[in-house]
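Notes to accompany the following structure.
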Amino acid sequence: MEQFFELLITAFLIMAGLFGLVGSFGLLKLNDAMSRLHAPTKATTLGVGGVLLASMANAYANGPYLSVHELMITLFLLLTAPITANFIAKVHIHQRESRNSLPTAGEDGAWATKNLPDTDEG
Amino acid sequence: MKLLQRLLPHPILTLLLTLTWLLLVNGFSLNSLVFGFGLGLVIPFFTQPFWPDRPRLVKPLKVIQYILLVLYDIVVANVVVAKIVVFKSNANRQPNWVTIPLDLRTPEAITTLAGTITMTPGTLTADVSAEGHALLVHCLDAPDPEAVRDDIKQRYERRLMEIFE
């Protein structure tokens, strides 16, 4: 049984390390700002998730009791990751995109970030 | 019944806060259960004015189904994005903006959809249209933007429609 948990913890840690590495590699390799946003938001959720799973398995196998703090961290991470990504994307739209470089906004005519008076730069 | 509704304006939030407290305490005891429930009673009562038109969850079971689906998709998303990052050259990759017209109208539902899109395969919500009738989504690698749009509408928006509206 101990052996099984050792293997399980190791597997989670290796998986987490790999995804963390790929996320960081993506930051270096991808060539435009919006694409670079994808790598950390996705790859790190599973990277951090793997470490947390390993931590839970370790607490269950070796610790005095089952630890559930990790579930909370996962939950808060999943809730906050999209918001950070959205804010960075909005800054990008503000500074690097124009009304013409974005697709049409359907029936509303403009995207919220670019919904400025005409005198402003579009 | 009326009194109970005024004291417990948001029963699901009460339950959620109690559970969150127990998880934060990292163990079950009667003390923390009572204290957590106390928080669960007080917080919804005082934050009531912040939720003037909160949506009623019509089908709570569908929520659990949706969360499981999204969790599964997050795992798949990680693998898909990792593959694109490592194996696809920048010249072969086709990043793209996609407009997703929305049928959802509840702000909470749209927020959930936007969060879901950001967490799932190679897509990222960047903006919402001026009146909230469309989402601007960026795709890491989408040779066919229409397929992405239909996929998101079919897979997530349809389910959120069932949950919220």
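Proximity to chain A (any heavy atom under 4.5 Å) is shown, for B:L23, by both the backbone and the side chain. Proximity to chain A (any heavy atom under 4.5 Å) is restricted, for B:L135, to the backbone atoms N, CA, C and O. Contacts of B:T20 with chain A are made by both backbone and side-chain atoms, with heavy-atom separations under 4.5 Å. Of the atoms belonging to B:V79, heavy atoms from both backbone and side chain fall under 4.5 Å from chain A. Neither the backbone nor the side chain of B:T116 comes within contact range of chain A; no heavy atom of the residue lies under 4.5 Å from a heavy atom of that chain.
Across all non-hydrogen atoms, the minimal contact from B:V85 to A:V22 is CG1-O, 3.9 Å.
A single hydrophobic cluster is seen to contain both B:L71 and B:I117, as judged by linkage of ILVMFWY side chains at heavy-atom distances under 4.5 Å, directly or through other members. Following chains of ILVMFWY side-chain contacts shorter than 4.5 Å, one cannot reach B:V63 starting from B:L16, and the two form parts of different hydrophobic clusters. Residues A:M56 and A:F12 fall into different hydrophobic clusters, defined by Ile, Leu, Val, Met, Phe, Trp and Tyr side chains chained together at heavy-atom separations under 4.5 Å. Taking hydrophobic clusters as Ile, Leu, Val, Met, Phe, Trp and Tyr residues chained together by side-chain heavy-atom distances below 4.5 Å, B:L104 shares a cluster with B:L69. A:I14 and A:L46 fall into different hydrophobic clusters, where Ile, Leu, Val, Met, Phe, Trp and Tyr residues are linked whenever their side-chain heavy atoms come under 4.5 Å apart, directly or through other members.
Atom CZ of B:R158 is surrounded by more than 12 heavy atoms from other residues, nucleotides or ligands within 6.0 Å. Around the CH2 atom of B:W97, the shell of radius 6.0 Å holds more than 12 heavy atoms that belong to other residues, nucleotides or ligands. Within 6.0 Å of OH in B:Y66 there are more than 12 heavy atoms belonging to other residues, nucleotides or ligands. Around CG of B:L61, the count of heavy atoms belonging to other residues, nucleotides or ligands within 6.0 Å does not exceed 12. Within a 6.0 Å sphere centred on CZ of A:F5, other residues, nucleotides and ligands contribute more than 12 heavy atoms. Within 6.0 Å of CZ on A:F25 lie more than 12 heavy atoms contributed by other residues, nucleotides or ligands.
Between the side chain of B:H138 and the main chain of A:S35, no donor-acceptor pair closer than 3.5 Å is present. Distance alone, capped at 3.5 Å, places no donor-acceptor pair between the A:K90 side chain and the B:D127 backbone. At least one donor-acceptor pair under 3.5 Å links the side chain of A:N86 to the backbone N or O of B:A126.
Within the model, atoms CE of B:M119 and CG of A:L79 stand 9.5 Å from one another, a figure rounded to the nearest 0.5 Å. The NZ atom of A:K29 sits 6.5 Å away from the OG atom of B:S89 when rounded to the nearest 0.5 Å. B:L24 CG to A:M72 CE: the interatomic distance, rounded to the nearest 0.5 Å, is 4.5 Å. Atom NE2 in A:H38 sits 9.0 Å away from atom CD1 in B:I84 (nearest 0.5 Å).
Using a 4.5 Å heavy-atom threshold, the side chains of A:F19 and B:V81 count as separate. Side-chain contact check for A:P103 versus B:L136: some heavy-atom pair is nearer than 4.5 Å. Between A:D32 and B:R93 the shortest side-chain heavy-atom distance falls below 4.5 Å.
In terms of heavy-atom pairs under 4.5 Å with chain B, the best-connected choice from A:L37, A:I83, A:L30 is A:L30. Comparing B:P145, B:A114, B:P101, B:C139 by how many heavy-atom pairs each has under 4.5 Å with chain A, the most go to B:C139.
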